[in-house]
Structure formats: structure tokens, C-alpha cells
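When a ligand or atom number is given, it counts from 1 through the structure's own listing order.
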Amino acid sequence: MTDKKGGMWRGLTSYGDENFALYLRKAFIKAMGYSDDALSRPVIGITNTFSAYNACHANVPQIVEAVKRGVMLAGGMPMEFPTISLHESFAYPTSMYLRNLMSMDTEEMMRGLPMDACVLIGGCDKTVPAQLMAAASADIPSIQVVTGPMLSGTHGEERIGACTDCRRFWGEYRGGRIDEEEINEIEGRLVPTAGTCGVMGTASTMACMAEALGMMLPGGATIPAVAADRLRHAEASGARAMELAEEQIRPSDIITSPAIANALCVLLAVGGSTNGIVHMAAIAGRLGIRLDLESLDAMGMETPVLVDLKPNGDYYMDDFHKAGGMAALFRELEPLLNLDCQTITGRTLGEEIEALPRAFVQQVVRPMDDPVHSGGGIAFLKGNLAGDGAIIKQSACSENLLVHSGRAVVFDSLEDLAQRIDDPDLDVAKEDILVLRNAGPKGAPGMPESGYIPIPKKLAAEGIKDMVRISDCRMSGTAFGTIVLHSEPEAAVGGPLAFVESGDIIKLDVPNRRLTLDITNDEFERRRVAWEPPERLHADRGYRKLFLDTVTQANEGVDFDFLTKRPFTAKTP
Ligand code: FES
């Protein structure tokens with residue numbers, strides 16, 4: 001039973017008479033058949049992010065039922081409530097544009113509805129970040145459950161899975177190496193089950209980071225969406241939410257600077273999505289913690305990529321799970337982790353690692369002395385074209401392009417790119433460097449995942465699979481290639497990409513962390529003074545105006561400035 005402050009007593013509507021507010025609330029909710037006994041229990045909110053538009057969340061109804069079962073077995077009252085649900089392929093202009101809206105929706109519902117703790121059910125790329133941002137701000141005891149990865153499928157003799165293979169096959173189709181009939185067949189096989197992308201894309205990266213952060217029960221990151229264990233994990237999460245409500249362990253107790261460092265260490269070790277950095281900057285920003293990109297670069301130097309998953313390696317998420325999942329990774333990474341961090345289990349990460357199931361021989365998680373990639377999966381670049389720090393996922397780059405100079409071929413916007421990239425008359429050669437600008441947080445708007453600029457069709461037809469590409473936008477975590485991202489400030493607000501002209505020479509030197517435009521300082525300054533902002537930076541009303549007026553750059557998480565906690569009082573890693 002809950003006391004006068006908990007359960008249905010929480011957040012009473014303001015009528016100036018608390019007892020009347022409770023009486024009215026109970027009168028209405030009783031229309032749904034609840035008894036006084038049920039209404040006197042602690043209340044556990046459960047976010048229902050099912051949507052007919054979101055295949056990555058197709059199993060949410062079953063997960064909700066399992067969470068409810070866990071809550072009720074522990075003596076509580078589960079209350080599911082809907083929030084915005086975002087799928088990568090069903091969000092115009094981009095899911096990133098709507099992530100902050102989802103975080104605001106979730107935060108305000110967590111505050112506005114009575115609940116003693118909350119179970120957050122997310123999965124697709126932007127949903128888990130939005131929920132963790134919301135939980136950090138609302139600071140109500142919370143536990144993260146993910147929908148889990150899809151199983152891999154087959155095409156002929158080949159194993160395939162969204163979405164690294166989506167891009168690979170599309171590149172083959174653009175290059176004329178597979179025909180219309182085959183690409184249609186592949187389209188029907190790439191996503192064989194419900195669940196999130198089956199490679200180390202953003203969804204898988206965020207799931208692993210959420211577990212490392214301590215916001216998820218151990219083992220939850222990798223269980224396939226369609227496995228029975230996924231539902232048992234959900235049931236256990238519901239039961240644990242009841243204990244969290246009692247113990248009042250809050251997100252601010254869990255999401256500390258050292259815990260965020262653990263999550264970033266895992267991001268590097270899984271060869272995770274660059275988007276994970278942007279999202280973690282936003283989550284940290286909600287608690288007044290600044291992500292220090294230079295320290296993260298240094299951390300990368302000593303954190304090898306250990307997980308052999310696409311797009312960096314060979315395997316899929318179902319293989320990672322069979323290989324032991326995060327338990328196998330934590331065992332290897334232990335010397336690099338902050339073991340004293342508290343998790344939502346009530347124990348420290350170190351205590352959880354001590355209690356891990358026994359190790360066994362497997363191929364997916366490599367030992368520290370035999371990594372998939374050493375020397376940092378993600379590098380931070382400096383130089384006159386990197387601005388405040390552009391990034392490159394070097395573990396997904398072509399080795400021969402890590403040090404490269406070439407002639408810039410500039411696209412002024414996404415529209416310009418779409419119009420000209422396949423033009424047979426485009427002046428481009430395989431040694432050139434493709435530049436896309438005005439595609440950042442404000443410029444696009446919404447910082448789309450367009451950094452994986454397609455290889456111009458005429459070069460793709462010659463078999464060219466990779467070129468150096470630079471932009472102020474993001475890239476899907478499932479993509480691969482020698483791709484520089486997040487050049488900031490973005491071009492639309494006068495960042496360095498705004499001053500590149502087609503024909504300029506650009507030099508990329510990843511080992512030395514340099515990205516430079518080979519013009520004199522005087523010429524750079526002349527172009528800067530002559531620059532005029534593009535017209536697109538304006539909206540009169542609505543969410544678009546809020547977005548354009550308040551969105552921050554990638555290093556602050558592309559969050560809205562008024563949602564972050566200022567001033568920063570700590571930094572990480
Ligand atoms: Fe949802 Fe990839 S599209 S996780």
C-alpha cells in the first residue's frame with residue numbers, strides 16, 4: 001500500500017482541495033474497472049511506444065504485458081501510457097528533428113501523470129536517447145527496457161540484416177551489379193523479424209550504452225526482440241521498478257560522470273555509432289555534465305574495438321547475444337571501467353561484473369590483446385575545416401584513405417546533392433573529396449543521417465566503393481566508409497564548411513587528427529567575411545521555430561538549449 005504522498009496521490013490536479021482532486025481522479029479511473037485495492041498500490045508508469053509506423057517496436061505490446069506482470073507480481077499497479085514513437089524511416093524530415101519532441105513528451109508525461117517509478121520501453125535509434133534524456137530531467141526512478149535486435153536473415157547463401165547490408169546492396173544496385181528483381185527480393189529479406197537493426201548501429205549502440213550506464217538490468221541490451229528471454233527480462237524490469245520506487249534510486253544517482261565514461265568506453269569497444277556520442281552529450285547535458293571530446297579521443301586511444309560486428313566486422317547482434325552479450329564485453333573491459341558506479345540493480349557495476357555468468361569460448365567478443373581494431377574506433381579531428389571538432393569512425397574507414405588529399409566537390413544542400421550527384425557531367429574523380437554542407441542541426445534542419453554521401457553513379461559503375469566524404473550532418477551507425485561528420489559549427493551558422501569552394505584542396509590525416517582546407521589564412525578570412533547565412537534559417541511558428549531558435553550543435557547533443565542544465569558543473573569522460 002502506498003502512503004498519502006505516493007501512487008494515486010502523486011501530482012494531483014490543482015483544484016485547491018487535494019482530497020477532492022483524489023476523489024475525482026479515482027471516480028474517473030474506476031470507470032476502467034479498478035478496485036480500491038489496486039488504486040492504493042504504488043504506481044509504475046510504462047511508456048507504450050508501439051506505433052503502426054514502427055516495426056522496430058512491433059513487440060512493444062508483449063513487452064508491456066510482461067512488464068505489467070512483473071509489477072503486479074511485486075504488488076504494484078502498472079499504468080501504461082502512450083508517448084511519441086519514432087522510426088528512422090518514418091520521420092520527416094528526420095527522426096533527429098523529432099527526438100527532442102519525444103524527450104519533452106516523455107518528460108512531461110512522467111511528471112504530469114502519477115507514478116512512483118517508470119519503465120521506459122524504447123528501441124529504435126532516437127527513442128532510447130529521448131527516454132534517457134527525459135528520465136534525467138524528470139529524475140523519477142526509472143528503468144530502461146529495449147525492444148531488442150531483430151534476428152539476421154538470409155539472401156541466397158548469404159546472411160543479411162538491416163541496415164549495413166541495406167546500404168551495401170543499394171550500392172551494388174546503383175553500380176549496376178544487381179538488377180531490379182534482385183533488389184526487390186532483398187527488400188523483402190533485409191528485416192526478417194521485429195526488432196531494432198541487427199548490427200552495431202545506433203539502436204544497438206544505445207542499448208549497450210544504457211546497460212553500461214547502469215540504467216538497464218544486466219543482460220538486457222542484446223536479447224533478440226523475438227526471444228522468450230526478452231519478455232522474462234521485461235517482467236524482471238517491472239518487478240525491479242517496484243523496488244526502485246521503494247528505494248527512490250533516481251536517474252541522477254545513476255547517470256554520473258564516471259557512469260557516462262563507462263557508457264562511452266563501451267561505445268568505443270563495440271565500435272559503436274557516432275550518433276551515440278551526440279545522444280550521450282544530450283543525456284549528460286540534462287544533468288549539467290559536459291562531454292569533453294578531447295578526453296574522449298584520448299580514451300579512444302586506449303580502448304580497442306573488441307566486438308566483431310557489422311559495420312566494423314563480420315557478425316550480427318544475434319551472434320553477439322549468443323556469445324554472451326555485454327557480459328562477455330564487461331569481462332574484457334573491466335580494467336577500463338569505473339567499477340564503483342551504482343546501477344539500477346542497487347549494486348555497483350563492479351559487483352555486477354563479479355556476478356557475471358561463466359565465460360565460454362566464442363568468436364564475437366575479442367580479448368584485449370587481439371582486438372578487431374586498436375587505437376580508437378572514433379577519432380576527433382582538428383584543423384581549419386574541423387571547427388570545434390569533426391569526428392570520423394576510423395574503424396569503418398578504408399585503410400588507404402586515412403591519409404588523403406584531394407580536390408573538393410561541394411554540394412550546397414541536400415537538394416543540391418540529390419540533383420547533381422548522379423549527373424553524368426558532374427566533374428568528379430575517385431580521388432576527389434565530396435563535401436556536403438547546410439545539412440547540420442539548423443541547416444537541414446534536424447541533422448539528417450546524410451553523411452554517407454552516395455558515391456556518384458558514374459564512379460559506382462566503375463566499382464568505386466569508398467571516397468573521402470565530409471559533412472556537417474550525421475551518419476547512420478550501420479554505415480561504413482571514410483566519412484567525416486559533425487563539422488561544427490555547421491555551415492548554416494557560419495562554420496568552416498561554408499567557406500569551401502569546389503576545386504579547393506582538402507587534406508585528411510586521421511593518424512594525426514587533422515582536417516585542413518589548403519588555403520591561406522587571409523583567403524579563409526576573406527571568405528568568412530563575405531559569407532551570408534542561407535535563407536532557410538527561419539520559421540514563423542510551431543515546433544520548427546522552437547527547433548531553429550534553440551537547437552544546439554552536435555557537441556552539446558543537438559538538444560534544445562533550454563532543456564539542458566546550465567551551467568555545466570562537471571565534465572566527462
Ligand atoms: Fe529502427 Fe534501425 S530503423 S533500429
field: Protein N/O/S count near atom 1 (Fe) of ligand 1 (criterion: distance under 2.8 Å)
entry: 2
- prompt: Can you name the residues that form a side chain to side chain donor-acceptor pair (under 3.5 Å) with Glu172, not counting sequence neighbours?
  reply: Arg177
message: Within a 6.0 Å radius of atom OH on Tyr543, are there more than 12 heavy atoms belonging to other residues, nucleotides or ligands?
response: yes
field: Exam field: side chain Asp472 to backbone Arg437, donor-acceptor pair closer than 3.5 Å
entry: no
Crowding at CD, Glu415 (>12 non-hydrogen neighbours, <6.0 Å): yes
message: Quick test of your reading: applying ring-ring contact (aromatic ring centres under 6.0 Å, His included), list the pairs with at least one residue in residues 126-154, sequence neighbours left out, ordered by first then second residue.
response: none
message: For residues 207-217, which residue pairs pass the salt bridge (charged side-chain N to carboxylate O under 4.0 Å, His left out) check, not counting sequence neighbours?
response: none
